[in-house]
Amino acid sequence: MRVLIVSDTHKKHENLITIMEKERPFDRMIHLGDAEGYEDYIAELAGCPLDIVAGNNDFFSELPKEKEIEIGGLKALITHGHYYYVSAGLEDIKKEARGRGMDIVMFGHTHRPLIEKDHGVVALNPGSTSYPRQDGHLPSYIVMEIDANGTPDYQLKYLSEEEKTKKPL
Ligand SMILES: [Mn+2]
């Protein structure tokens, strides 16, 4: 199974579309918030099951604040991250995930990608497809692949300078 994980699209979809075309086929997609009302549009683009949560900019959204999902036998907590103050550090969110017996916790909000394994919990942040804040400022995302034995692999990926949109965001 192949899962595309993105976050923080903020109403700009050019890079997201490029990422989807590059990474197809994928079986499932996860969006970690700040879709800003475009969740139905993004689900249509994805053309596969989409799990999506509300971000801090999703003011009038009926999306859930967080979800516990199962991916290929692994338990994952998905949430935007602001309720766990991820901009200040990952202690709270990792503690919450560990307390709930999660294998994986996925979040966004910081616009800085990260893959971190800590005491049995994998923390994933795909960064932002639209407004990257890490060094280099390339749009980022994560591809999770689970092989036939149920072993997960996580790849943090970036669009190149050539691939990213030239339109001013
Ligand atoms: Mn955001």
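Given the structure is predicted, the values throughout are model-derived calculations rather than measurements. The basis for the numbers below is simple: all heavy atoms, side chains too, and nothing from hydrogens, waters or symmetry mates. Both counts, for ligands and for their atoms, begin at 1 and track the order of listing.
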Protein N/O/S atoms under 2.8 Å of the Mn ion (ligand 1)?
D8 OD1, H10 NE2, D34 OD2, H111 NE2
Once salt bridge (charged side-chain N to carboxylate O under 4.0 Å, His left out) is applied, what residue pairs with a partner in residues 106-117 remain, sequence neighbours excluded?
K94-E116
K166, NZ atom: more than 12 neighbouring heavy atoms under 6.0 Å
yes
With sequence neighbours left out, what residues match N125 under side chain to side chain donor-acceptor pair (under 3.5 Å)?
T110
Which label fits Y131 and H10: parallel for a plane angle under 30°, tilted from 30 to 60°, or perpendicular past 60°?
perpendicular
Would you kindly say whether Y84 and E66 are connected by a side-chain donor-acceptor distance under 3.5 Å?
yes
Sorted by first residue and then second, give each ring pair (Phe, Tyr, Trp, His ring centres under 6.0 Å) pair with at least one member in residues 90-109; sequence neighbours left out.
H80-H109, H82-H109
